[in-house]
Amino acid sequence: MKRPTIALLLSTLLLTACMPEADIERSLAEANAEIDHAARLIAEENMQLQAEGRPDAEITPAGDLLIDGKAVAVSAEQRALLVSHRTRLVAIATEGVQIGRQGVDLAGKAMKSALFAVLTGNGERFERRMEAEAAKIEASALVLCERLPALLASQNALADAVPEFKPYAKMTQDDVSQCAQEVSDAKAEVFAGTRQSSR
């Protein structure tokens, strides 16, 4: 299981181009509207699952497992595992959305400050300020990483209990182990962009 949300959400900072303020405000409003929409979908809609060479699968809020749109027969115990696993997925995805909101807010500050930093020669001060703000996002992302071992255990228990789910159980221990490094790499990539913008 890859976590593109971490890299993509932190990489919102790469939007720090010199844009007119009206365009900045409009872009930020659109981004926040998309985040609100994503949060609603995560909470209310079926959780989507994909596996190469397999039809798409879904876990419904009620704990149904749908494969290619057809419900898999499950026992009460299997349904409880499906509900529990979906709840963990929703919680992590919701946290990811909130990290995205932090990223959008930080992108707004960066876009509004980058040109001023260039014109006044305060590039280093700009970098320090953005790094301090981004440290908060990094901390949130690392907390999300701490949720992954329980998610992996939940996935594996579900795969053992529901054979039809097993092909969709793609998260591995490597994904858990590499999460913190991916957060660090994403932050480094972001600040390569912000340093370029402030010079």
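Predicted, not measured: the structure shown is a model, and the values here were computed from it.
- Leu151 contributes atom CG, which lies 9.5 Å from atom CG of Asn156 (distance to the nearest 0.5 angstrom).
- Between Gln155 and Leu89 the shortest side-chain heavy-atom distance does not fall below 4.5 Å.
- Heavy atoms only, all atoms of each residue included: Cys145 and Pro149 are closest at O-CD, 3.6 Å.
- A side-chain contact (heavy atoms from CB on, under 4.5 Å) with Leu158 is found for exactly one of His85, Arg86, Lys166, namely His85.
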query: Could you go step by step and tell me if Leu148 and Asp175 meet the side-chain contact (heavy atoms from CB on, under 4.5 Å) rule?
result: CA-CA 8 Å; Leu148 297 184; Asp175 294 317; 5.8 Å; no
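- The line from CG of Leu152 to OG1 of Thr172 is 7.5 Å long, rounded to the nearest 0.5 Å.
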N/O donor to acceptor pairs below 3.5 angstrom from side-chain atoms of residues 70-77, sequence neighbours left out:
unit_1 : atom_1 : unit_2 : atom_2 : d
Ser75  : OG     : Glu77  : N      : 3.4
Ser75  : OG     : Glu77  : OE1    : 3.4
Ser75  : OG     : Gln78  : N      : 3.2
Ser75  : OG     : Gln78  : OE1    : 3.4

Which pairs would a plain distance check flag for residues 44-52, meaning a side-chain donor or acceptor within less than 3.5 Å of a matching protein atom at least two apart in sequence or in another chain?
unit_1 : atom_1 : unit_2 : atom_2 : d
Asn46  : ND2    : Glu58  : OE1    : 2.9
Gln48  : NE2    : Asn46  : O      : 3.4
Gln48  : NE2    : Glu58  : OE1    : 3.4

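- Taking every heavy atom of both residues into account, Gly96 and Leu144 meet most closely at N-CD1, 3.7 Å.
- A side-chain donor-acceptor contact under 3.5 Å links Thr94 to the backbone of Val90.
- Residues passing the side chain to side chain contact (heavy atoms under 4.5 Å, CB included) test with Pro55 are Ile67, Asp68, Tyr168, sequence neighbours excluded.
- Between Val97 and Ile42 there is a side-chain heavy-atom pair separated by less than 4.5 Å.
- Looking at heavy atoms from C-beta onward, Asp64 lies out of side-chain contact with Leu82 at the 4.5 angstrom threshold.
- Between Leu81 and Ala157, the shortest heavy-atom distance links the atoms CD1-O, 4.2 Å.
- Side chain of Thr87 to main chain of Val83: a donor-acceptor pair is present (N/O by atom type, distance under 3.5 Å, no hydrogens or angles).
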